Structure formats: structure tokens, C-alpha cells
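Have a look at the structure below, then the notes.
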Amino acid sequence: MKNHFYTARANPFSVCYFTVLLFFGFLLSTTSFAQKAQKVKFGLFTDVHVPTMHDAKERLTAFMDSMKTAKPDFIIELGDFGTPAPKYAYGFDIWKSYAGPKYQVIGNHEMDGGFSLPQALAYRGMSSSYYSFQQNGFYFIVLDGNDKKTPDVKGYQQYIGEKQLAWLKDELAKAKTPIVIFSHQGLGKDGVDNSADIRAMLEAHNAKAKKNKIIVNFYGHIHYDRADNINGIWYVCINSMSYKWLGEEYGHVRYSEQIDKDFKWIKYTAPYKDPLYTVIEISTKGTISIAEKKSEWVGPAPEKVGFPVQNSEYEVPEIRARMLKFKP
């Protein structure tokens, strides 16, 4: 009787071929995983100037409410927030209310009213005015552009000293992933006094770097909406949350006599009706996405009160949507 049931003998070629297929399938899947784009998303604002603005509380609250929807990986403000004076504590209370990771940058106005840098740092719970952190496969460096060129120099500074530059060089070498730099005063064309030397350092690093290239420097300070690519590195100025500074010769009461009395500097500004802030997403695929936030002037535009607008492309009451490209 013919037996219809049998056990097949293993074919060595078939087994080998199947093993090779499994191996290449595994290799392709792991390579695909390794090449999967890393993304990081953060909420950002700068130059709220709590001491100047009568509605700083509402502006900061609007940002915090927006972050509940955006759900960023962290938030950061780029300086000129406020001083440790007790009357401005409400601004810091709103900032501290954010439950997720948050970072601050020291601007030139944090030490107004006779406060020192150590006082400003202690009030924020910061051990240093320059530091680094990592998130989602990116290396973030925070700089302080308020160093003195010489010990006896007075007034606001726009400089990064030798000690901090040596630290920066070490941080660049230490990084194993793409680098993003935050500062109050920028490193671009309108940046700190030694910005050209710093850019040369950054470009020299990128010429040798592989996975740890510098992508972008985000900064505030000059209340512009601006983005420049200089030799492969983006320098992006984020507009102020609150206003364009005009100066005492262009004073104009824009709200009320009482507000003008209580906030003596506000009439020398051209305020934005709505608070400006943004959400930024960076991908290792080579993109920087900046979300837009539009507003309008409160009262007459700067040129209407005689202010000599020299950079009309940048001096606008908005943060424009941008999709910037970089070489991964």
C-alpha cells in the first residue's frame, strides 16, 4: 500500500537561502530603525520685559495655555524676562507653573535695578549663565552674551569672553549629536562684538564634524523677525513677545494715562497687540519648522511717530512661519 505520509529531507541549499533572507531582513529593519529621523519640539519666546509691560501676566499666561495644546518636549525663554525685584515675582510664578522641562537664558536686562548676575541666577535656580542639556538626540548649548571685554567696562555688554569660549569649544567636542545654540545676543551678523570670531570657531568645528554639526543659533535681544544662513549655519532672531523699542524721543501714550504712569517705559515702545511666541520642531532629516504668530501694532506704527525704520523686513509685529533647510 502506497504511503501518502512522508517526512521531507532537509535541503541544505534551501535552509541556507532561507537563513540569508532572514539575515538581510533583520539587517534592513535595523538599518531602517537606525536611520529613522530624530525630532525635537520646543516652545520658545523672548524679551517679554515684565518690568515694562502692564499686561505681561496675560502674555505669559497665553504662552503657557498654548503649550498645553502644543505639548513640546521642553520650553525655553531667551532672556530679558525680569529682575528679582519682588514686584515682578508674578512673572516668575507663571514661568515656574509649567510642569515640564524648562530653560532660561540670561539677557542684558536681568540685572537692571542694581541686581547682580549671581542674584539673577540664584532667583532662577541656575548654577551658571551658560550650560548644556540633551533632548531627543540633540545637544543644546545655552550661552551668555553679557561678558565684559575688560574688567572696568560699564553698561550693557555684547560679548562672550575667553573662559566661556574655552567651555564652548569643549562642549562642541563633547557633543555626539546635532547641536543647537541658544543665546540672548546673537552670534550672526547683528550679534555680539566678537561674533565673527565665534562663527569662525563654529564653522571650523562643522568642517570636521560628522554627527555633531551645529545647525542653528536662536537668539532674541534686537526684537526682529529674522533668519540668516551663514556658511551652512542658521542664525534665527525670534521677535520679542511684547514690543519694538523706539526710544525716549518717540514717546507716545498707547494705552491710558494711568498705565503710562504706572509703567513709565511703555510709551517709548511700539507694543504688539498679541503676545508673540512660537513652537519650533527640528528634524535630523534636515528641517527646522517655525510656527507663525501674527499680531498688529497697538497705536501708530513706528514710522508714524517718526521712528527711522531701517529694517522694515525684520521690524514687524509677528513671527513668520518658516521652513529652514540644513544639511544633515
Side-chain angles (χ1 to χ4, degrees), residues 39-50 53 55-56 58-81 91 94-95 97-98 100-105 107 133 135-136 138 140-143 178 180-188 190-191 215-229 233-244 270-283 285-297 311 313-326:
K39 293 182 179 180
V40 66
K41 182 169 72 172
F42 50 91
L44 185 154
F45 71 88
T46 186
D47 294 86
V48 59
H49 289 276
V50 171
M53 298 304 297
D55 59 355
E58 289 74 20
R59 292 174 186 267
L60 291 169
T61 300
F63 170 79
M64 292 301 179
D65 288 344
S66 178
M67 293 305 101
K68 294 175 184 177
T69 301
K71 294 181 171 56
D73 296 305
F74 65 88
I75 64 171
I76 186 166
E77 62 90 9
L78 298 184
D80 283 2
F81 187 99
I94 296 170
W95 172 258
S97 70
Y98 184 75
K102 49 188 175 289
Y103 303 95
Q104 293 187 275
V105 178
F133 63 96
Q135 182 78 47
N136 292 27
F138 291 84
F140 295 94
I141 296 175
V142 175
L143 298 178
V180 174
I181 299 176
F182 296 117
S183 56
H184 180 65
Q185 302 91 338
L187 308 178
D190 46 20
I215 299 170
V216 59
N217 165 222
F218 291 106
Y219 63 102
H221 186 56
I222 53 176
H223 301 213
Y224 279 179
D225 179 68
R226 179 174 181 174
D228 299 305
N229 189 301
I233 300 174
W234 283 100
Y235 298 86
V236 180
C237 184
I238 302 298
N239 207 341
S240 164
M241 177 180 266
S242 299
Y243 62 78
K244 169 67 185 175
Y272 310 139
K273 181 180 178 181
D274 310 286
L276 299 185
Y277 48 81
T278 187
V279 174
I280 296 172
E281 184 171 273
I282 306 177
S283 169
K285 283 189 174 181
T287 59
I288 304 169
S289 172
I290 302 176
E292 72 174 6
K293 189 72 164 65
K294 293 181 177 291
S295 187
E296 58 187 55
W297 303 109
N311 298 285
E313 180 183 354
Y314 314 131
E315 298 178 53
V316 291
E318 64 180 305
I319 294 174
R320 283 167 283 204
R322 300 181 190 272
M323 179 62 76
L324 309 177
K325 302 291 184 68
F326 64 91

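Only a predicted model underlies this, so the values are computations on that prediction, with no experimental measurement involved. If you read the sequence from its start, that first residue is 1, and numbering goes on from there.
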Considering all heavy atoms of both residues, which atom of [X] and which atom of [Y] are nearest to each other, and what is their separation?
| X | Y | value |
| --- | --- | --- |
| Lys293 | Leu276 | O-CD2, 3.4 Å |
| Ala291 | Ile319 | O-CG2, 3.9 Å |
| Ser242 | Ser240 | N-OG, 2.9 Å |
| Cys237 | Gly220 | SG-O, 3.7 Å |
| Met53 | Pro271 | CE-CB, 4.3 Å |

To the nearest 0.5 Å, what is the distance between [atom1] on [X] and [atom2] on [Y]?
| X | Y | atom1 | atom2 | result |
| --- | --- | --- | --- | --- |
| Glu315 | Glu313 | CD | CD | 11.0 Å |
| His221 | Ser183 | NE2 | OG | 10.0 Å |
| Ile94 | Met64 | CD1 | CE | 7.5 Å |
| Ile75 | Met67 | CD1 | CE | 7.5 Å |
| Asp228 | Tyr235 | CG | OH | 10.0 Å |
| Met241 | Phe45 | CE | CZ | 4.5 Å |

Can you tell me if [X] uses its side chain to pair, donor with acceptor, with the backbone of [Y] under 3.5 Å?
| X | Y | value |
| --- | --- | --- |
| His184 | Leu78 | yes |
| Asp47 | Asp80 | no |
| Lys102 | Tyr98 | yes |
| Thr278 | Ile290 | no |
| Trp234 | Lys325 | yes |
| Asp73 | Phe42 | no |
| Thr61 | Glu58 | no |
| Asp225 | Tyr314 | no |
| Ser295 | Asp274 | yes |

Under 4.5 Å between any side-chain heavy atoms of [X] and [Y], yes or no?
| X | Y | value |
| --- | --- | --- |
| Val216 | Ile181 | no |
| Asn217 | Val236 | no |
| Tyr219 | Leu187 | no |
| Glu292 | Arg320 | no |
| Tyr272 | Asn239 | yes |
| Ile76 | Val105 | yes |
| Trp297 | Lys273 | no |

With Leu60, which of Asp65, Val48, Asp55 fulfils side chain to side chain contact (heavy atoms under 4.5 Å, CB included)?
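Output: one option passes, namely Val48.
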Between [X] and [Y], what is the ring plane arrangement, given parallel below 30°, perpendicular above 60°, and tilted in between?
| X | Y | answer |
| --- | --- | --- |
| Phe182 | Phe140 | parallel |
| Phe63 | Tyr277 | perpendicular |
| Tyr243 | His49 | tilted |

Could you please spell out the steps behind the side-chain contact (heavy atoms from CB on, under 4.5 Å) verdict for Thr46 and Phe218?
CA-CA 10 Å; Thr46 186; Phe218 291 106; over 6 Å; no
Tell me if the NZ atom of Lys41 is crowded by more than 12 foreign heavy atoms within 6.0 Å.
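More than 12 heavy atoms, drawn from other residues, nucleotides or ligands, come within 6.0 Å of this atom.
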Do Arg226 and Asp190 sit within salt-bridge range, that is, some charged N less than 4.0 Å from a carboxylate O?
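Looking at Asp190 together with Arg226, the answer is yes, because their closest N to O distance falls below 4.0 Å.
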Looking at residues at least two apart in the chain, or sitting in another chain, which of them share a salt bridge (charged side-chain N to carboxylate O under 4.0 Å, His left out) with Glu281?
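With neighbours one apart ignored, the set is empty.
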For the pair Thr287 and Leu324, evaluate side-chain contact (heavy atoms from CB on, under 4.5 Å) and give the outcome as yes or no after the intermediate values.
CA-CA 6 Å; Thr287 59; Leu324 309 177; over 6 Å; no
Would you say Tyr224 and Asn311 are linked by a side-chain donor-acceptor pair, where the criterion is simply a distance under 3.5 Å?
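Asn311 vs Tyr224: donor-acceptor pair found between side chains.
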